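What you see is a predicted model; the values in this text were computed from it and never measured. Counting from 1, the numbers follow the sequence of the chain as shown.
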Amino acid sequence: MSFAASSAVISPSTAAFPPLMRAQDRSAQPRPRGPPPVPATSASASASAAASASPSPAMRRHAPQATSQRAKPRGARRRVACQAGSGRGEGSGSEFPNPAELPPKAAEEEARRDGESRAEMIRAEAIKLREEEERRLYGEPGAAPRELVEAAVAEEEAEGEADGEGEGLMKKVEASSQSVASAGGSSLTRGSLREQREEGEVEEEEEIEVEEEEEEEGSEVDEEEYEEEEEGEDEEDEEEEEEEEEEEEEEEDEEDEEASFDMRMVTAMAEAGEEGGAGALTVAEILEDAGVEPLDVDGDLTVEVTGIQADSREVKPGDLFVCVVGQQTDGHMYVGDAAERGAAAVVLSRGDVEVDERVDAVVQVEDTQGVLSALAGAFYDHPSEKLAMVGLTGTNGKTTTTYLIKSIYDAMGVSAGLLGTISYKIKDQELEAPNTTPDAILLQKLLSQMVDAGCEACVMEVSSHALTLGRVADVDFDVAVFTNLTRDHLDFHGTMEEYRDAKARLFDAMTDASRHRKVVNLDDPHAEFFMSRGGADVPTITFSLENTQADVHALEVALSLFETELLVRTPRGDLEISSGLLGRHNVSNILAAVAVGIAINAPLEALVRGLEEVDAVPGRAELVDEEQAFAVVVDYAHTPDALSRLLDTVRECGPRRIITVVGCGGDRDRGKRPMMAKIAAEKSDVTILTSDNPRTEDPLGILDDMLAGVGWSMEEYVEYNQAGFIPPLPSGNRLYVYDIRGIAVRAAIAMADDGDAVVVAGKGHETYQIVGQEKTYFDDREECREALQHVDELRTHFDTSQLPWRILDMSDMKVIPDPDANAY
C-alpha cells in the first residue's frame, strides 16, 4: 500500500460532536467544587460550542456554564446502601441530575456561601469566647498553664503521691489543651464543633460546662491564685492588642474563604494546617457525603480524621481505618494494630470485634468493601468529578490503547494522567503500578493528586477485579471503552458469563446522553451486549478492522517488522497514520484510540499527531534490537487470545521461522495452560515451554498442565529426553521444555538464524519472577539483550547441530546449569 503523503487528514467532514474546548491554566486560581468557565481555543470553536446543546465529555468540567451545569449539591449525591454488592446503590439510574433542574450556578453558590459564612461567624464567636475564658484562667489562649501543672506535680510527689498519677495529670492537661489547639481553633472540644455549627449558636453556659469537664479530667488549677499572678496593666494592654490582631486575621481569613469556600479544604489547609491529602474531616461528614448509613455507631462521630486506610500497616495517628474482608485476610483481625498506630476511628462490618478504647469512633456497616470507594471518594472530595475520565475494559489491548489516548490528549494540549498495568503517571511523575487498577483508597488519592497537579483528564485501565470489588464505584467516568473479551481470570470469576458481566459494569454507568459516550469494538462477538448496557440514548462510537459499518474502520493496512501504515475512515474524515506499533492487533488498538478521539471531539490533526508520537509501549510487541539479523519481540501476551493474535501478527510480517518462549503463571487459571501450549505449538516453528511466575506451585506441575495441550505429559517428555531424541509434533513443529526461564531465552536466541523471529511472551514490561513467596528481579528484555550480546558464545556452548541442545560448558558466563534439572 502506498500513501500520497505521510500522515495526513483527508477530506474532513462536519464534526459529529461539538469541537473540544481547551481549559486555560487554573494553577493560580482557587479550585472550586464545580467546573470553572473556560474560553474556547478559537473564535470558531466558541461559535461551534455555543451552537451545541451538549459539551464535549473530554472537557465537560471545563466548559462554559451555558453548556455545563452539572455540579451536584451535597444533598443530591446518591445514597450508597450498606449491603453486600450494592456498589453505588439502587439510585444509580438517576445519579446525574438534569442540569436544567438544578438552580442557577450563581444563585446556588450565593446560597451556599451565605449559609457557610454564617456558620463560620458562629464558629469565630465561639472561639473568641473560648479564648477570653482561657485568658482569664491561663493568660494565653489555646494553652494550658504547664508551669502551674509542673508545680502541682512536684507538690504531689513531695507529698508522696505516685509518680504515675503525676504523669497522668500532665497528660490529661496536655490533652485538654490540645482539644482546642490540635485543630487550629476549629473546635471547642473534640467533636463539639459540628453540633454547634448545626444549631447555629454557642451558649456561654456550654463554654462553662466545657471548662468543668476539662477540670474533671485533671486540669484543676487555683484560678484565683493564677489570676493574681497574671494581673497587671501592661499585660492586659498586650492581651487587648493581641485580641484585636487575631480578630483582624480571622476577618481576613473569612473573606478569603468566601471567594472559594470548600469546608473540607478549609478545615484541612486553613485550620488544621495539614499539608497534602484532603486534611481533616469528621467521621460524620465523611459518612454523610459518602451516603453511607451505619447499622450501629459507638463513640463520637464528630471526631476528626486526617487520613483513610484499609491496611493497618499504613495507619498513622488520626486515620480512619476500614476493616475490609479480602481474599487472603480479614481487616477485622488488625483493628488492634490500627488502634496501636493511632487510628482515630474504625469502620467495620462485624459486631463481635473488640475495639480498643483509644479509638474515638466505631461505625458498623453491612459491607465495608461495598462502601470503601464511597468513603475514600468523600474523604478526597470526589476528584473524578473534576477530571474528564476515560475508562477502558477488556481482556487485551487496554494498556497500549491508554498510552495512545493519553498521547492524543497531550497533542491537544490537555494534561492527562494515566493509570494502568505498567505504571501510574501524574504529570512528569511515574509510579510503579502494583495493580492494573489501584485499590479504592489509592485510586481516589491518585486522582486527587492529578487534580492538584493541574491535570484535566485521566485515562485508566479498569480491570474486571476492580469492577467486581467496587474499587471504581465512586469514579465518575465520561467515556467507557470495550476492547475485546476472551478467556482470562476464571480463577477469580468462575465463568465467562461472570467475567463478561463484571466488565459490563463500566458501561452500566453510561446513562447521561449529554456527556457520556460508549466506544465498542464491533469485531468482538460480545459487542452488542456491551452496547446494550447503560442508557439506550447514549451515543456509541464503534470501531472495526474489517466491518465497514463501524463508525471508525480501516480502509487499508500495511504491516512490517518496522512500522504499521493504515488508512482510517471516521465520521469526520479519513486519516493516514504511520505508527511504530507493530502488528494487526495494534491496528485494532489504534482504531480504538481514534474512536475515543472522535468521542472526545479531538481535532483530527491532533489525533493523528498524538497517535504517531507513540513508537512503542513497554512490553507490548517491543522490539529488542542489538543489530542482530533476526527479530526479537517481547510481549505481555499471557492469555490464549493475546498469544494467538501476537503470533499471527509476527507471521504476517513474513519471518523465516518463529521461535516462541512461553509459560503460564502459578496460582492462576489452570484451564488456559494447555490452550496456551497448543496455540504456541501450532503457530510457531519451535516452541520452548518455561516458567512464568510459578508462585507457590511446582513449576514442573505447571509445565505438565501445558504439555497436555499437545497430548504429552511431563513424564513422557522426560522419557523422550532420556532416549536422546524429542520427536516432532504431528504438524512437524518442534517443542522443548526448559523450566528455568533465563536458559529458555538464551536457547531461543542461540537457535535463531537470519530472518527468524524470536517471540518471548508472558511478562512484557514485568521486571520480576515470583517463585514461592520470593520475588526476584527478572526482565525478559534485559535477558534478551544480554543473550544477543553473547550470541556467538551461546552458539558455541549450545550444540545446535541436533536438538535438543546439549549444554556443554557455560563457565565463562558464570552459569553452570545442571542438564538433568534444566534441559529435559
Side-chain angles (χ1 to χ4, degrees), residues 22-31 58-59 61-62 265 268-269 274-279 306-311 314 316 376-377 379-392 398-463 466 471-472 474-477 593 610 613-620 622 636 764-768 777 779 781:
R22 291 174 54 184
Q24 64 182 168
D25 187 359
R26 303 166 298 157
S27 59
Q29 302 177 3
R31 178 165 54 84
M59 297 303 297
R61 287 164 184 115
H62 311 290
M265 294 304 294
M269 307 304 291
E274 294 289 336
E275 296 182 0
T306 54
I308 180 171
Q309 302 292 345
D311 185 340
E314 301 295 328
K316 297 178 181 61
F379 180 80
Y380 285 104
D381 196 17
H382 311 287
S384 65
E385 296 181 0
K386 306 173 183 71
L387 297 165
M389 296 293 304
V390 180
L392 292 86
K398 299 187 298 296
T399 299
T400 298
T401 308
T402 57
Y403 271 69
L404 292 168
I405 296 170
K406 183 184 185 305
S407 186
I408 291 173
Y409 271 125
D410 292 342
M412 293 160 57
V414 176
S415 177
L418 184 145
L419 301 174
T421 305
I422 296 177
S423 64
Y424 306 148
K425 294 185 178 182
I426 303 173
K427 289 281 189 174
D428 297 329
Q429 183 182 14
E430 186 167 2
L431 306 172
E432 182 180 354
N435 298 305
T436 295
T437 307
D439 65 72
I441 295 175
L442 178 58
L443 174 57
Q444 296 294 335
K445 182 177 182 179
L446 291 170
L447 293 175
S448 177
Q449 291 175 351
M450 289 182 189
V451 172
D452 293 339
C455 292
E456 301 157 280
C458 174
V459 186
M460 66 177 290
E461 299 179 47
V462 186
S463 68
R471 293 178 192 167
V472 296
D474 202 72
V475 176
D476 191 3
F477 287 102
E613 282 293 321
V614 181
D615 290 328
V617 176
R620 270 53 178 182
E622 184 175 354
Y636 187 57
H765 68 284
E766 290 181 351
T767 57
Y768 55 83
Y777 183 83
D779 188 329
R781 296 162 297 184

Given side chains that start at C-beta, do those of [X] and [Y] come closer than 4.5 Å, heavy atoms only?
{"X": "Glu461", "Y": "Leu418", "value": "no"}
{"X": "Phe477", "Y": "Met460", "value": "yes"}
{"X": "Lys386", "Y": "Asp476", "value": "no"}
{"X": "Phe379", "Y": "Ser448", "value": "no"}
{"X": "Val617", "Y": "Ile422", "value": "yes"}
{"X": "Tyr403", "Y": "Lys425", "value": "yes"}
{"X": "Leu443", "Y": "Asp439", "value": "no"}
{"X": "Asn435", "Y": "Tyr424", "value": "yes"}

Might you point out which heavy atoms bring [X] and [Y] nearest each other, and give the distance in Å?
{"X": "Ala440", "Y": "Ala376", "result": "O-CB, 3.9 Å"}
{"X": "Ala453", "Y": "Lys427", "result": "O-CE, 2.9 Å"}
{"X": "Glu613", "Y": "Ser407", "result": "CB-OG, 3.6 Å"}
{"X": "Ala593", "Y": "Ile408", "result": "O-CD1, 3.6 Å"}
{"X": "Ile405", "Y": "Val459", "result": "CG2-CG2, 3.7 Å"}

State, without any angle test, whether [X] and [Y] hold a side-chain donor-acceptor pair at a distance under 3.5 Å.
{"X": "Ser415", "Y": "Glu456", "value": "no"}
{"X": "Asp474", "Y": "His382", "value": "yes"}
{"X": "Glu432", "Y": "Ser423", "value": "no"}

When rounded to the nearest 0.5 angstrom, what is the spacing between [atom1] in [X] and [atom2] in [Y]?
{"X": "Leu392", "Y": "Leu404", "atom1": "CG", "atom2": "CG", "answer": "10.0 Å"}
{"X": "Ile441", "Y": "Leu446", "atom1": "CD1", "atom2": "CG", "answer": "12.0 Å"}
{"X": "Lys406", "Y": "Asp410", "atom1": "NZ", "atom2": "CG", "answer": "4.0 Å"}
{"X": "Leu447", "Y": "Asp452", "atom1": "CG", "atom2": "CG", "answer": "11.0 Å"}
{"X": "Tyr409", "Y": "Cys455", "atom1": "OH", "atom2": "SG", "answer": "11.5 Å"}

_So, using side chain to side chain contact (heavy atoms under 4.5 Å, CB included) as the criterion, who are the partners of Asp779 when residues are at least two apart?_
Thr767, Tyr777, Arg781, Glu782
_Pair Glu314, Leu442 - check side-chain contact (heavy atoms from CB on, under 4.5 Å), show working._
CA-CA 12 Å; Glu314 301 295 328; Leu442 178 58; over 6 Å; no
*asked:* For Lys398 and Thr401: C-alpha separation, side-chain torsions, deciding distance, then whether side-chain contact (heavy atoms from CB on, under 4.5 Å) applies.
replied: CA-CA 5 Å; Lys398 299 187 298 296; Thr401 308; 6.0 Å; no
*So, does Glu622 use its side chain to make a donor-acceptor pair with the main chain of Gly619 at under 3.5 Å?*
yes
*For side-chain contact (heavy atoms from CB on, under 4.5 Å), just list the numbers for Arg471 and Val462, CA-CA rounded to whole Å, side-chain angles, deciding distance to a tenth of an Å, and then say yes or no.*
CA-CA 9 Å; Arg471 293 178 192 167; Val462 186; over 6 Å; no
